[in-house]
Amino acid sequence: MPSQAYFKNLRFTTVRQGCDPVILVINGFLSASEKDVTDWLSITKQLYPENQVVHVQWQAGSVKEMVLADGLTGLGKEVLSTTARNLFKGEIVSSLMSVGAIAADKVAGHWKQSMENAQQAGEQLAEYLDASFTGKDAILLGHSLGARVIYNTLLNLTNTGCVQASYLLGGAVSSEHGDWQQVWEKLPSLTLVNCYSNKDQVLNWLYRLGTLFGDRPCGLQQLVEDRSNSINIDLSEQVSGHMEYKCTTTGQYLAWFLNTQVLVSNACHIAQLSQSETLNLTGLFEKSVPPQNNEAAHISAPVKTETELSLSFIDKLRAELNLYP
């Protein structure tokens, strides 16, 4: 993919050169004019350090567009800009109790419009992937309304083998099983990682207003599903606000969680643990606290022999992760 390319209303900018599969990163609301998206590298460096990273820019709106559309100047412009910034820092209450309450209503109106634009962007990204990714894979990472773009992309793909995995960070899209059923049926082998935080006040307010309280977003809770290749990761302890997902700490936690979960699953399978023993070990792992500074990285290296995946290895894993009750 060239350093910059266009397809309909989408712009593709290469953030980092590398190997396939290509990592496509998608930002959310008010990101249309953003040029510096290197914050995504703090996550991709941990998960996919050698892969090409491409930013997908869509009609997500911007503060400038919002001000011009509402015809605000002077104090009105400053109030709207400040309110938008405060809302996305999670300062919901202080924003609504201030002179920015009217401006907050305008922000919510533009959020609703961007939700509609996310559907169009997803349809166009699906069309682009169908045409340009024949014979190779893509991995999609989306934050906020960027996750909604991913949802609509998956829903509209005809080349069902081109997306290997998708990550939703603070996703502004439904968590209900019925809304995802068509995606599951179309893409049964897709790995979907949903990262959520119950401390995300932006989603708690803007999303519910934008959907008229019709459903709960996956950025606040688990996806309601029963697929083995869908993974819900609670980041409430790591992420206290909507704009805090894209950082090295989050990337390290995701790498630790995903690598270790795969290792535990494989170990349990090859060591022929019973279903109850497997569930017990998995449950202990999910409640554990990851070592600081990614100290568990050494246990995520590929294990090559069945001997290493014996019950003694699982005991070692329990000890290293402090999983003993």
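When reading the values below, keep in mind they use all heavy atoms of this one structure, side chains included, and skip hydrogens, waters and symmetry mates.
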Inset, instruction - Taking the side chain as every heavy atom from C-beta outward, state whether Val54 and Val15 have any pair of such atoms under 4.5 Å apart. - result: no

When rounded to the nearest 0.5 Å, the distance separating OG1 of Thr44 from CD of Gln52 is 11.5 Å

Quick one: does Thr13's side chain have a donor or acceptor within less than 3.5 Å of a partner on Gln4's backbone? no

Practice item. For the pair Arg216 and Glu176, evaluate salt bridge (Lys or Arg N to Asp or Glu O under 4.0 Å) and give the outcome as yes or no after the intermediate values. Key: CA-CA 8 Å; Arg216 290 274 291 175; Glu176 300 300 321; over 6 Å; no

Q) Where does the angle between the aromatic ring planes of Tyr245 and His143 fall among parallel (under 30°), tilted (30 to 60°) and perpendicular (over 60°)? A) tilted

When rounded to the nearest 0.5 Å, the distance separating CD of Gln201 from CG of Leu220 is 8.0 Å

Quick note, side-chain hydrogen bond (donor to acceptor under 3.5 Å, both in side chains) partners involving residues 153-173, not counting sequence neighbours, are Tyr48-Tyr167, Asp130-Thr158, Asp137-Gln164

Next on the checklist: I'd like to know if the side chain of Ser114 reaches the main chain of Ala60, judged simply by a donor and an acceptor atom lying under 3.5 Å from each other, with no hydrogens or angles considered.
Outcome noted: yes

### Query
Is a donor on one side and an acceptor on the other found under 3.5 Å between the side chain of Trp58 and the backbone of Asn27?
yes

Fill in: Hphob cluster co-occupancy, Val163 + Ile26, side-chain heavy atoms under 4.5 angstrom
yes

- Is there a side-chain contact between Leu125 and Phe7 (heavy atoms, below 4.5 Å)? no

Leu169 reachable from Ile139 in the ILVMFWY side-chain graph, under 4.5 Å edges | yes

Q. Between Glu244 and Ser240, do the side chains contain an N or O donor and an N or O acceptor separated by less than 3.5 Å?
A. yes

**OP:** For residues Asp234 and Tyr196, determine if any side-chain heavy atom of one lies less than 4.5 Å from a side-chain heavy atom of the other.
**Re:** yes

For Gln238 and Thr249: C-alpha separation, side-chain torsions, deciding distance, then whether side chain to side chain donor-acceptor pair (under 3.5 Å) applies. CA-CA 8 Å; Gln238 290 76 29; Thr249 300; over 6 Å; no

Step by step, would you call Val202 with Phe29 a side-chain contact (heavy atoms from CB on, under 4.5 Å)? CA-CA 11 Å; Val202 171; Phe29 185 46; over 6 Å; no

query: Just by distance, do the side chain of Arg16 and the backbone of Asn51 share a donor-acceptor pair under 3.5 Å?
result: yes

Worksheet item: Hey, are the side chains of Leu192 and Asn229 touching, using non-hydrogen atoms and a 4.5 Å cut-off?
Response: no

Sequence neighbours excluded, the answer for salt bridge (Lys or Arg N to Asp or Glu O under 4.0 Å) partners of Asp39 is Lys246

Sorted by chain and number, sequence neighbours left out, side-chain contact (heavy atoms from CB on, under 4.5 Å) with Ala147 holds for Leu168

Test item: Arg148 side-chain N/O and Ala172 main-chain N/O as donor-acceptor pair under 3.5 Å: yes

Worksheet entry | Derivation of the side-chain contact (heavy atoms from CB on, under 4.5 Å) call for His55 and Arg11 | CA-CA 8 Å; His55 173 226; Arg11 181 170 69 183; over 6 Å; no

- [ ] Check step by step if side-chain contact (heavy atoms from CB on, under 4.5 Å) holds for Gln57 and Leu10.
- [x] CA-CA 6 Å; Gln57 200 162 14; Leu10 305 178; over 6 Å; no

Tested for side chain to side chain contact (heavy atoms under 4.5 Å, CB included) against Leu24, the lone hit among Val149, Val53, Leu129 is Leu129

For residues 185-206, the salt bridge (Lys or Arg N to Asp or Glu O under 4.0 Å) pairs (sequence neighbours left out) are none

Rounded to the nearest 0.5 Å, the CD atom of Gln59 sits from the OG atom of Ser31 at a distance of 11.5 Å

Residue set satisfying side-chain hydrogen bond (donor to acceptor under 3.5 Å, both in side chains) with Ser174, at least two apart, ordered chain then number -> Asp179

- Between Asn194 and Cys218, is there a donor-acceptor pair closer than 3.5 Å when you use the side chain of the first and the backbone of the second? yes

- request: Compare all side-chain heavy atoms of Glu116 with those of Gln119 and state whether any distance is below 4.5 angstrom.
  value: no

Can you see whether Asn9 engages Gln120 through a side-chain donor-acceptor pair at a distance of less than 3.5 angstrom? yes

- Item | Leu47 with Val239, same ILVMFWY side-chain cluster at under 4.5 Å | yes

* Asked: Taking C-beta and beyond as the side chain, do Leu254 and Gln46 meet within less than 4.5 Å on heavy atoms?
  -> no

Interatomic distance, CZ@Phe12 vs OH@Tyr128, rounded to 0.5 Å, equals 5.0 Å

Between the SG atom in Cys195 and the CZ atom in Phe257, the distance rounded to the nearest 0.5 Å is 9.0 Å

Heavy-atom closest pair (Pro217 atom, Gly171 atom, distance to 0.1 Å) is CB-O, 3.5 Å

**Report entry** Worked verdict on Asn232 versus Ser230 for side-chain contact (heavy atoms from CB on, under 4.5 Å)
**Finding:** CA-CA 7 Å; Asn232 288 291; Ser230 291; 5.7 Å; no

By salt bridge (Lys or Arg N to Asp or Glu O under 4.0 Å), Lys45 pairs with (sequence neighbours left out) none

Interatomic distance, OG@Ser197 vs CD@Glu237, rounded to 0.5 Å, equals 8.5 Å

